[in-house]
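Just so you know, these numbers come straight off a predicted model, no measurement behind them.
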Amino acid sequence: NGSAANVHTVIDHAQVNHDTNFTVTISGTSAAAADLKAIDAITSGIITATGVETITGSLSDVGDVVDVDTNKGNAGQQIDIDTDFNVTLSDTGTMSASALNTLNGKVPGTVTVTNAVTLTGSASDIATAASADNAGTLALASNFGATVSTGAVDAADLITIYGQTSATINATGVTAINGTATAVATAINHAQVNHDADFTVTLSEAAATGLELTQIDAATNQVVDGLLVTTISGTASQVAAAAVAHAVYIAMSCAVVVGVAIAATPIAACTVAVVPVAAAAVAAGTTADPTSLLRLHLPWMGQTMVDRL
């Protein structure tokens with residue numbers, strides 16, 4: 001019996017002859033996961049560590065120790081730990097967000113990541129860790145990094161991540177950023193989100209502003225799928241700018257809200273065109289034929305129900 005470090009030292013010493021079925025009671029309020037693992041590997045007896053309040057070490061070592069006790073708070077497991085212990089992780093460099101979330105779900109107390117690691121994985125997994133940090137069940141450094149894996153991401157997840165760190169989010173491998181026009185525009189324009197210009201966008205709600213559409217279009221050289229967009233709002237100049245966006249596709253039956261003036265009927269073809277109506281008149285709320293605002297029909301890939309702004 002004794003501290004985890006002392007027990008580990010003794011049973012590993014060449015001058016100590018012991019069998020492999022002895023029991024151990026760990027004293028002290030803190031124990032290194034590496035010591036507990038080493039003790040567990042030598043004896044088949046029960047290791048009682050219910051007095052340990054904090055388990056320290058790497059994510060991998062702590063995860064191994066926690067997994068040994070399958071019924072925490074009840075005796076009889078190979079390593080017995082209680083139901084209110086905390087964890088302090090000492091990792092540096094990168095850390096799997098998925099593995100961190102898994103461990104956090106198994107620890108009754110707080111998991112503290114001491115160093116400013118870079119979380120890796122899907123935006124969803126990293127956002128889950130960031131949300132746990134915000135909730136207080138996980139304690140990350142205020143400048144933890146994030147590298148998002150290749151694939152599609154939800155813009156809302158990127159927003160959640162940068163809301164919890166002062167570091168830059170590496171999203172250069174992302175192939176699609178999806179969500180509401182507001183969320184997508186917010187994420188791609190944020191100084192902490194580092195992305196390339198080769199991602200697609202799928203907008204998930206009916207409302208979008210002309211400014212959001214032009215900002216999104218300017219950030220990517222790929223298609224912006226706005227087939228769910230039914231209303232474009234903003235000032236006359238913002239809507240006009242959206243009208244010449246090179247790769248924003250929306251449904252034919254979309255309405256335009258310019259300032260406080262709402263088009264009386266859906267536009268027959270929400271597509272590329274020059275705005276012939278005086279911007280000042282439209283902005284002031286002058287009723288005008290909405291089809292005169294956006295006129296040129298450009299079917300996309302032969303789909304007549306899709307037009308290009």
Side-chain angles (χ1 to χ4, degrees), residues 1-13 22-121 125-146 161 164-167:
N1 304 324
S3 70
N6 286 343
V7 173
H8 182 195
T9 298
V10 168
I11 63 179
D12 261 1
H13 200 281
F22 56 89
T23 61
V24 174
T25 298
I26 302 297
S27 61
T29 58
S30 179
D35 290 330
L36 294 175
K37 283 180 63 177
I39 298 168
D40 181 54
I42 292 174
T43 181
S44 60
I46 300 298
I47 301 166
T48 301
T50 51
V52 173
E53 298 174 1
T54 303
I55 300 175
T56 64
S58 69
L59 173 62
S60 176
D61 283 345
V62 174
D64 288 343
V65 168
V66 170
D67 284 344
V68 170
D69 191 349
T70 57
N71 193 8
K72 296 172 182 60
N74 295 301
Q77 310 302 299
Q78 186 68 36
I79 301 177
D80 284 335
I81 50 183
D82 65 12
T83 58
D84 62 353
F85 66 93
N86 300 302
V87 164
T88 299
L89 300 179
S90 58
D91 301 67
T92 59
T94 62
M95 176 181 287
S96 165
S98 176
L100 178 60
N101 292 334
T102 297
L103 175 65
N104 191 45
K106 296 177 180 178
V107 174
T110 301
V111 176
T112 299
V113 183
T114 303
N115 300 305
V117 298
T118 296
L119 297 181
T120 61
D125 283 340
I126 299 174
T128 296
S131 294
D133 178 52
N134 183 58
T137 60
L138 175 64
L140 297 168
S142 61
N143 61 336
F144 72 87
I161 297 167
Q164 288 301 117
T165 182
S166 60

Requested in this report: Go through the steps to decide whether T54 and F85 satisfy the test side chain to side chain contact (heavy atoms under 4.5 Å, CB included), and finish with yes or no.
Outcome: CA-CA 6 Å; T54 303; F85 66 93; over 6 Å; no
Gap between atom [atom2] of [Y] and atom [atom1] of [X] - 0.5 Å precision:
X    : Y    : atom1 : atom2 : result
L138 : S131 : CG    : OG    : 10.5 Å
K37  : H8   : NZ    : NE2   : 11.0 Å
S98  : L103 : OG    : CG    : 11.5 Å
T29  : N86  : OG1   : CG    : 10.5 Å

Heavy-atom pair of closest approach, residues [X] and [Y]:
X    : Y    : value
T56  : S30  : CG2-OG, 3.9 Å
L36  : I79  : O-CD1, 4.0 Å
A4   : D35  : O-CB, 3.7 Å
A99  : L59  : CB-CD2, 3.8 Å
I126 : T120 : CD1-C, 4.1 Å
I161 : F144 : O-CZ, 4.2 Å

Got [X] and [Y] here, is their nearest side-chain heavy-atom distance under 4.5 Å?
X    : Y    : answer
N143 : S166 : yes
I26  : S3   : no
T48  : T23  : no
I55  : I81  : yes
I42  : F22  : yes
L140 : L119 : yes
L89  : V111 : yes
Q78  : D69  : no

Under 3.5 Å, side chain of [X] to main-chain N/O of [Y], donor-acceptor pair present?
X    : Y    : answer
N101 : A97  : yes
D80  : T50  : no
T165 : A167 : yes
T43  : G45  : yes
D82  : D84  : yes
N134 : Q164 : no

Query raised in the report: Which residue, L100, D133, D91, N104, forms the side chain to side chain contact (heavy atoms under 4.5 Å, CB included) with V113?
Result: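 Checked L100, D133, D91, N104 against V113; only one passes side chain to side chain contact (heavy atoms under 4.5 Å, CB included): L100.
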